[in-house]
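Sequence lines set the chain letters: A, B, ... in the order given, protein chains first and strands last, and positions in each chain run from 1.
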Amino acid sequence: MKTVKPSVRRELYKILVAEVLVILGMILTSTAYYVSQVSLHLPEAESLQISGVKIHKRPLVLTGVYVANADGEAVSLSKVYLIKVESKKVIFSVSFFPYLKLPPREIRFLSFTCPLDPRGADYKVIVVTEEEKAAKYVFGYPPKRGGAFGSREAEIGYVPATTYALFEEEGLG
Amino acid sequence: MKLQLWRMLLFSTAAVLFLTAGFTYYDTYVVPRCEVCGMSTIYGWRDVLTPDGVHHVSCCPLCTFLLVHKYSSFHVETVCDYCGREITIDVENGVLKKVDPPTAYLILAGSGQRKQSKIACSEECKDKLLMEAPPGSKPLTVKEAFRMASEPVRKYLLWHPITWPLIMELTVLGILTLAAGFAARKFLK
Ligand SMILES: [Zn+2]
Ligand SMILES: [Zn+2]
C-alpha cells in the first residue's frame, strides 16, 4: 500500500467510516436490547396463575401457556415473555392487541410459538397484565439422549391439554 | 493498484452473495413458517400430520384448511384459542371426515389478518372469542370453513418458499467470485 493514489485513499477512508458506523449501530442496538431486559421486574398479579405450558415435541417448540384467574376481577393480558433461566435473557416476547380478557374463575390459553433449546434448559414464562403486573412460571427439562424428552415426559413440566381437565376437577374451570 | 480494487470488489460481492444465501436459508428454513401463506407462526402453532408421517405447520385455522390444495389427506392437531382444549380435524381424500369436538367453530377475522383468525371448541368459547375479535369477524362451522377453503380458486393463495437449489446457486456463485478474487492477478495480466 506504499504507492496508494490519493483518490483510492479517499475511497478506503469512506469504507472505513462506513464500517465504524456499522459497529456503532451494533453497539447501540445491543445496549437498547440490554436496557429492555432490565425492565422486567414487575409486581406480582395476585389472582393470576400460570397453570401450565404446552410443548410440541417435534420440532421442539413452546406453543402456549394456560393462564388461570383464581378470583377477583377480570384481567386483561397484554404480553408474554420467555426468559432462559441460565442466561437470564429474554429469548422471546409477544404482544396481544386487543388485550386478551380473562374473567374471574376462568382458564385461558395463550397461543404463540417459540422454539426451545433441544439440549435441555430451564425457562421462565412471564405473563403481563394491562396494569403491568405479572404471573410467572418456571419449567424445564434435562438433556437426555434420544431427544429432549426421552421417557421423562411426566416430570419435566410438559403439560398436555389435560390441564384443562385437571382444572375442572379442582373446581376452577 | 487496480488489482487491489478488483479484489476488493470481488471479495465484497462474494460476501454479499454468502450473506444473501445465509439469510434466505435462515428465513425460509430455520424460522418456523406457515406452509400455506409463508407467515411466521409466532401467533399460533397448528400441527398438521400427513399420512407419510411428516409434520407440517400452519399459522392459523384458515391456512390449515387451505393445505387441502397441497395434501389430500391430513390430521390436524390444534387447540381452542380461548380455553386451550385440544381440537382434532381429519381430512381424507379432500373430504372433511371428522372434527373433534364436533361443536368447533372457526372465526374468520374481519380485518382479514391471518393471525386474528381463531378456532373455538364450543359455542361458549366462540362467543367469548367473537367479543374480542376485530369488527366484521364472522363465525363459521368447521364444515362451512372447510368448504370455503377447498374452493379450487383458493389454491392461488399458496406460498412458494425459496427453493434449496436457488440457495445453493447463490453459494456456488459466492465461492466462484471468491476464487476469482484470489486469482485476480492472473486475469489482469
Ligand atoms: Zn398461514
Ligand atoms: Zn374452548
Contact origin within A/Ser95 toward chain B - heavy atom pairs under 4.5 Å
backbone
Linking I/L/V/M/F/W/Y whenever any side-chain heavy atoms sit under 4.5 Å apart, do A/Val94 and A/Ile50 land together?
yes
State the CG-CG distance between A/Leu110 and B/Asp81, to the nearest 0.5 angstrom.
10.5 Å
Please look at A/Phe96 and chain B and tell me whether the side chain, the backbone, both or neither of the residue comes under 4.5 angstrom of a heavy atom of that chain.
neither
Relative to chain B, which segment of A/Val61 carries a heavy atom at a distance below 4.5 Å: side chain, backbone, both, or neither?
side chain
Side chain / backbone / both / neither for A/Leu100 at chain B, heavy atoms under 4.5 Å:
both
Testing the basics here: between A/Thr113 and B/Thr41, what is the closest heavy-atom pair and its distance to 0.1 Å?
OG1-O, 2.6 Å
Looking only at non-hydrogen atoms, find the nearest pair between A/Ser111 and B/Gly44 and report the distance.
OG-CA, 3.9 Å
Would you call B/Glu132-A/Arg108 a salt bridge at under 4.0 Å N-O?
yes
Connected via hydrophobic side-chain network under 4.5 Å: B/Phe146 and B/Leu158
yes
When rounded to the nearest 0.5 Å, the distance separating CD1 of A/Ile107 from OH of B/Tyr82 is 10.5 Å
Between B/Met8 and A/Ile15, is there a side-chain heavy-atom distance shorter than 4.5 Å?
yes
Exam field: side chain A/Thr63 to backbone B/Trp45, donor-acceptor pair closer than 3.5 Å:
no
State yes or no: do B/Leu49 and B/Leu67 share one hydrophobic cluster built from I, L, V, M, F, W and Y residues joined by side-chain heavy-atom distances below 4.5 Å, directly or via other members?
no
Heavy-atom cut-off 4.5 Å, strictly under: side chain, backbone, both or neither for B/Cys80 against chain A?
backbone
With clusters defined by side-chain heavy atoms of hydrophobic residues (ILVMFWY) lying less than 4.5 Å apart, directly or transitively, does A/Phe109 cluster with A/Tyr99?
no
So CD of B/Glu86 and NZ of A/Lys54: to nearest 0.5 Å the spacing works out to 4.0 Å
Honestly, the part of B/Lys118 sitting under 4.5 Å from a heavy atom of chain A is neither
Which atoms of B/Glu77 are under 4.5 Å from chain A, going by heavy atoms: the side chain, the backbone, both sets, or neither?
neither
Are B/Val79 and B/Ile107 joined in one hydrophobic group, where the rule is that I, L, V, M, F, W and Y side chains link up if heavy atoms are under 4.5 Å apart?
no
Which portion of B/Met131 sits near chain A, non-hydrogen atoms under 4.5 angstrom:
neither
